[in-house]
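Note on naming: letters A, B, ... go to the chains in the order of the sequence lines (proteins, then strands), and numbering restarts at 1 for each one.
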2 protein chains.
Amino acid sequence: MTVLDSSSATASSQVFEALKRDLIRGQFKAGEKLAISSLKSHYQVGLSPLREALNRLSAYGLLEQVNQRGFRVPAMRLEELDDIANLRSQLECMALTQAFQNGDAEWESLLVAAHHRLRRADEKPEQIEEWEQAHLRFHRALLAACGSSWLLRFIEQLHDQFDRYRRMAPPNPEVRRQLDAQHGELVEYALNRDISGGRALLDDHIRLSHDVARGCCDV
Amino acid sequence: MTVLDSSSATASSQVFEALKRDLIRGQFKAGEKLAISSLKSHYQVGLSPLREALNRLSAYGLLEQVNQRGFRVPAMRLEELDDIANLRSQLECMALTQAFQNGDAEWESLLVAAHHRLRRADEKPEQIEEWEQAHLRFHRALLAACGSSWLLRFIEQLHDQFDRYRRMAPPNPEVRRQLDAQHGELVEYALNRDISGGRALLDDHIRLSHDVARGCCDV
DNA sequence: ATCGATTAAAAAATCGATTTTATAGAGACT
DNA sequence: AGTCTCTATAAAATCGATTTTTTAATCGAT
């Protein structure tokens with residue numbers, strides 16, 4: 001049973017966030033059909049806010065809705081992973097270029113701060129969720145200054161999709177070490193405004209995760 | 001009062017489609033707060049399917065939801081129009097390249113067919129909606145063979161956003177003539193697999209609509 | 001045994017009513 | 001007059017029950 005906080009947010013948006021997290025974490029089996037009544041008791045909400053959350057999640061692409069047949073978790077397809085990784089790489093390199101061109105001192109300091117928090121989160125390997133959040137925020141901070149809110153929106157969406165695949169892979173300390181090193185290098189490139197270096201590294205960074213995820217995506 | 005058809009689609013998805021169309025058509029004032037009860041009577045549906053549709057539309061970006069304060073139509077901002085047009089241009093050129101590389105005979109014939117329907121729709125100027133639909137389908141057909149479903153998804157979303165601005169502009173026969181000519185040329189480039197020519201033209205095509213829309217977007 | 005139709009059960013979708021929250025307006029005070 | 005609080009109203013969000021549709025099981029026929 002997941003307890004929802006009692007902030008001013010509506011029940012609907014709380015379930016949305018909780019369900020989104022769980023879908024990306026892989027708490028549901030790929031291709032599985034969601035049993036609404038069990039979700040109701042699991043997340044402790046009524047039918048209306050739950051259905052509203054499910055509708056938002058299907059518009060976002062983390063669920064599929066079939067008319068009169070409810071909601072299902074999208075299947076994992078190798079072809080789709082490749083599509084997501086490839087497009088993510090292209091869009092993020094595009095954003096990186098603009099961010100390196102437009103970024104100001106404020107952007108730099110937020111990026112350095114996000115990187116610091118990521119390194120700190122790295123120290124406690126037992127709390128994956130904290131690291132995941134710090135990781136997402138780091139990548140957000142890297143591109144935040146790109147100046148295009150629609151580009152950032154699509155990148156965020158692809159990142160969530162990508163993570164759904166990436167998080168299927170078992171933890172690999174060696175890969176993790178490499179990825180962490182790349183995060184540090186990305187900050188260096190950002191501060192030096194080295195666009196071509198940054199693009200190449202970001203591309204490698206995504207490719208490395210992609211290759212790992214690829215190994216766990218059957219069919 | 002909008003009458004909904006009686007197909008097998010759920011009330012929820014029918015309102016979604018109808019509302020989406022009306023939002024893009026500019027039937028609601030930009031920045032306006034939606035009065036749920038009046039929507040209920042206008043679209044002749046109950047509260048639940050209506051709210052589900054509104055939730056999907058905000059996840060899609062055609063509405064904004066504020067906690068405990070309902071749904072509102074996003075404001076029109078010149079800055080956002082520029083962002084949308086610019087990103088749309090980049091993503092569509094990316095897709096065009098891939099479509100021209102991957103497209104087969106089936107793609108060619110569907111494109112030619114879509115173009116034909118667009119020209120036919122052009123003949124009856126009184127029925128804007130038919131032309132709009134044919135126009136959307138033509139642009140879909142042009143890029144359909146790009147091979148990336150996520151890229152197509154984002155392009156569709158941007159196209160809808162763009163149209164919300166474009167359709168504010170009053171009809172301009174001269175511009176329309178130019179755009180129509182470009183559609184024909186795009187087909188030519190597609191059949192010849194002329195990627196650089198196609199990209200340049202598609203870029204011009206979007207820029208032309210962008211310039212027109214820009215004139216009607218105050219602030 | 002397989003296919004098709006019929007029906008019972010389960011699940012999805014929708015409705016109407018209730019609860020909660022925001023908003024606007026009246027009155028009291030500075 | 002302006003600001004504050006309180007209250008009445010309106011709107012949003014949620015709940016519980018009903019309706020509709022799908023799914024699964026049963027029976028009969030080929």
Separation of dT20(C) P from Gln14(A) CD (nearest whole Å): 15 Å
Touch class at under 4.0 angstrom, heavy-atom based, for Lys33(A) against every strand present: sugar-phosphate
Sugar-phosphate only, base, or nothing, as touched by Leu54(B) at under 4.0 Å among non-hydrogen atoms: nothing
Phosphate contact (dA12(D) OP1 or OP2) by Arg69(B) side-chain N/O below 4.0 Å: no
Sugar-phosphate only, base, or nothing, as touched by Leu50(A) at under 4.0 Å among non-hydrogen atoms: nothing
Rounded interatomic separation in angstrom, taking CZ from Arg72(A) and P from dA12(C): 11 Å
Ser12(B) side chain to Arg51(A) side chain, donor-acceptor N/O pair below 3.5 angstrom: no
Modelled atom types, side-chain donor and acceptor of Asn86(B) and His210(B), under 3.5 Å: no
Proximal nucleotide (of dT23(D), dA12(C), dA12(D)) relative to the Ile36(A) side chain: dA12(C)
SB check Arg214(B) Asp211(B) (cutoff 4.0 Å): no
Between Gln14(B) and Tyr43(B), a side-chain donor and acceptor under 3.5 Å: no
Length of the line joining Asn67(B):CG and dA22(C):P, which is rounded to integer Å: 9 Å
dT21(C): pairing nucleotide in any strand, Watson-Crick or G-U under 3.5 angstrom: dA10(D)
Separation of dT21(D) C1' from Gln68(A) CD (nearest whole Å): 6 Å
Geometric cation-pi criterion, Arg176(A) with Trp131(A): 6.0 Å, 45°: yes
By ring pair (Phe, Tyr, Trp, His ring centres under 6.0 Å) - contacts of Phe71(B) (at least two apart): none
Whole-Å gap separating C1' (dA12(D)) and CG (Asn55(B)): 12 Å
Taking only N/O atoms, report every protein-nucleotides 14-17 of chain C pair under 3.5 Å with atom names and distance.
| from | atom 1 | to | atom 2 | distance (Å) |
| --- | --- | --- | --- | --- |
| dT14(C) | OP1 | Ala11(B) | N | 2.4 |
| dT14(C) | OP1 | Ser12(B) | N | 3.4 |
| dC15(C) | OP2 | Gly46(B) | N | 2.8 |
| dC15(C) | N4 | Ser48(B) | OG | 2.8 |

Phe71(B) side-chain proximity, nearest of dA13(D), dA12(D), dT21(D): dA13(D)
Salt bridge flag under 4.0 Å for residues Arg164(A) and Asp160(A): no
